[in-house]
Amino acid sequence: MKKFVLKNTKRKKENYSIDYHSELNEQQYNAVTSIDGPQLIIAGAGTGKTRTLVYRVAYLVENGIKPESILLLTFTRKAAQEMMKRASNILDERCNRVAGGTFHSFSNFILRKYAELIDYSNNFTVIDRADSESLIGYIISNLGLNKKERRFPRKRTVLNIVSKSINTTYSVREILEKEYPQFIEEEKEIINIGKQYTHGKKTRNLMDYDDLLTNMVKLLTENEKIRQKLSNTYNYVMIDEYQDTNHIQALYASLIASEHENIMVVGDDAQSIYSFRGANFRNIMDFPIIFPKTELHTIEQNYRSTQPILDLTNQVIENAEEKYSKELFTDIEGIDKPIFIVPKDKFEQARFICQKVLELRNDGVELRNIGVLFRAGFHSNELEIELNEQNIPFVKFGGIKFIEAAHIKDVIAILRVTYNQADAIAWIRLLQLIKGVGAKTADYLVNEILVNDQGIKALISDTLKGKKYYSDLQSLYNLLDQILETDDEPITMFPKIFEFYSPIIKQKYDDYKKRELDLQSLLEISDRYSSTEKFLTDMSLEPPETSQVKAVATDKDDENLILSTVHSAKGLEWHTVFVIQLLDGFFPSSYSLESPESIEEERRLFYVACTRAKKNLFLLSPNLSFSRFSSETISYSEPSRFLTEIEPFGELTERWELTFDKSENGQIDEETQLLEDGKSKDTFNRIINYFKLSE
DNA sequence: TAGTGAGAGGTTTTT
DNA sequence: CCTCTCACTA
């Protein structure tokens, strides 16, 4: 018999187009080249987590694994795109074919094909938080619970409880006991609302964020064949930021990997900052329990920050109650310590940042390499005003989203009802835009449209003739009819929609001019989409981040200073980082002061903030803080406990004092004048306070 | 039954 | 400051 020798198809090392050995350190290399079986990578901040994942994608592809069979789950779409882009850069465009995205968007992708197996139709609509709240509100008022003697929790609170119960798999009772003891008596009602809410979403063909996860798990657990099929389609599963996954996400990921166990998760317990959403960093610790064959890799060398910055961050995490952490080290030279500043107030804080930013820009640091971080969206308000005044362009991540603005939701509602006619939430919003139509009429009409199955014809039913809003309903009908007729490109529909909406926006909002600009940007965004489904889904799942027309308009994203909540800053890094509002009650948030666990989470959050910095880190703790609700009352606040607890160890930071400088020739330039104005205002306040006190 | 104005109460982080 | 509710008016 003739012997036919099969060649070893595995390439030899020297055939790789990338020299993995020289481009990665040993720890990274070991992780990257582990192809099969479960892998757990514990990697500290700035140790090249992303780099490791990127190289692993390239390595897998170079080993002949089809890119389509690699599933990369990340926390944000930004992160996923970034990784694929980088992988393509180091290897080639094959890497663009890697499957992935957020847990939610991947669920959406899969469920669009299989929703029928879990009693949904495939054209379900993804609803956002506000929509969920309205549905809950609707159920509450239907049950008459808002009319009770005892105050019933608000719809937002009810949604929080229900959602948390799903995400953490704690019972409603446990959550009530722990976080809302004042509502323990309402346990039965809340559970009931939860049930009706689930049912209500199903009949209206709506899925909220939680549903995307739970339905995916449902699909995978109840349909053996689908699970096998999906698992065999996605042969290599990789998950970033594993410390921020919750129970359901961990289950979801494990199920997809169930057939082959080729799953790599990457995380850092010190950066777990999403416990409010049910994230549990123990998922990391427990990973080897689910996959006993797990190989553990740790990566400790930091490639981002200078040693003085690491000295500080190591100290921050050293103070954590539970220390799983590793001591990070770096080779990066740097002698500048983090700078600690106590400005007089928020305004001085804003002025300092503007001035420093301009200085840095003169020194050649691009704006996009500078980040300003804060605990909550509104902390940057004063800074935004100052930036606008000084014409420094910026973009803001986190906080109120463009998509949440009322006028945007109005317009989106029109598309929603045409896409999914059962979308009662959108119907009610849309119908109430018509003058003369309130909750009752809208409710009646929705019932006609859905339950009595008349579709949009119900809007021009004869029984409505004679009503004062009849003609408006008629034009709405015409609009919807036209949209249903036209092809599926959102942008082609907008002119007609604006024609309908234009009188409404003028009547409804005093500041309609500004809002019309938003509609214009919505139009531009829609231009990128070829189908309504994709457009609507992205609007709820991955909405455009920047809010309003606030930022000074620039075309290039690159030319903007970045303002961001710490949560949204995860995984990013900047040459220079400013952390602002480091005051007890702001950061850590006053909301967290009661429980030691949430303080711990705030501490990790602070750790995440500081570890974003490569070269310069500025910590700002304004001395005088205005109350959140009015600019009249002044209160003094303590610097953040995270700062005071590390200060006694000394020498970790350099203290700067801000003083006012008059120009040499005695002339006061405009900027100094501004500073002087601020000063006299403070003097004025001091005088007023003094006399108030001595009355 | 829709629209309006006064008063109260809450307030983070994200998909 | 903003959102929500409630009671009143048209």
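Atom CD of A/Glu241 is separated from atom P of B/dT15 by 12 Å (rounded to the nearest Å). Look at CD on A/Gln432: it is 12 Å from C1' on B/dG3, rounded to the nearest Å. B/dT14 atom C1' lies 11 Å from atom CD of A/Gln249, rounded to whole Å. Between the P atom of B/dT13 and the NE2 atom of A/His379 lies a distance of 8 Å, rounded to the nearest Å. Rounding to whole angstrom units, OH of residue A/Tyr444 and C1' of B/dA2 are separated by 17 Å. Between the CG atom of A/Asn160 and the C1' atom of B/dT13 there is a distance of 12 Å, rounded to whole Å. Rounding to whole angstrom units, NZ of residue A/Lys396 and P of B/dT12 are separated by 13 Å. With rounding to whole Å, A/Phe106 atom CZ is found 16 Å from B/dT15 atom C1'.
Contact check, A/Ser105 against B/dT15: no side-chain N or O comes under 4.0 Å of OP1 or OP2. For A/Thr565 and B/dT12, the shortest distance from a side-chain N or O to OP1 or OP2 is not below 4.0 Å.
Along DNA chain B, the nucleotide nearest to A/Ala442 and the one nearest to A/Glu602 differ in position, and the one closer to the 5' end is contacted by A/Ala442. Toward the 5' end of DNA chain B, the nearer of the two residues A/Leu541 and A/Ala376, judged by each one's closest nucleotide, is A/Ala376.
For A/Phe276 and B/dT13, the ring-to-base geometry satisfies the stacking test (centroid distance below 5.5 Å, interplanar angle below 30°).
Scanning all heavy atoms of the two residues, the minimum distance from A/Leu373 to A/Ala569 falls at CD2-CB, 3.7 Å.
No side-chain donor from either of A/Thr245 and A/Tyr274 sits under 3.5 Å from a side-chain acceptor of the other. For the residue pair A/Asn420/A/Arg416, the side-chain donor-acceptor check at 3.5 Å is not satisfied.
Using a 4.0 Å heavy-atom distance criterion, A/Tyr274 is classed as a sugar-phosphate-only contact.
Nearest to the side chain of A/Ser589, among C/dC4, B/dT12, B/dT14, sits B/dT12. Residue A/Thr102 has its side chain nearest to B/dT15 when only C/dC4, B/dT14, B/dT15 are considered. Relative to the side chain of A/Arg277, the nucleotides C/dC4, B/dT15, B/dT13 differ in distance, and B/dT15 lies closest. Distances from the side chain of A/Arg154 to the nucleotides B/dG10, B/dT12, B/dT13 place B/dG10 closest. Closest to the A/Thr441 side chain, of the nucleotides B/dT14, B/dA2, B/dT13, is B/dA2.
Between A/Ile425 atom CD1 and A/Asp128 atom CG the span is 9.0 Å, to the nearest 0.5 Å.
Looking at A/Lys201 and A/Asp211, a side-chain N of the basic residue comes within less than 4.0 Å of a carboxylate O on the acidic one, giving a salt bridge.
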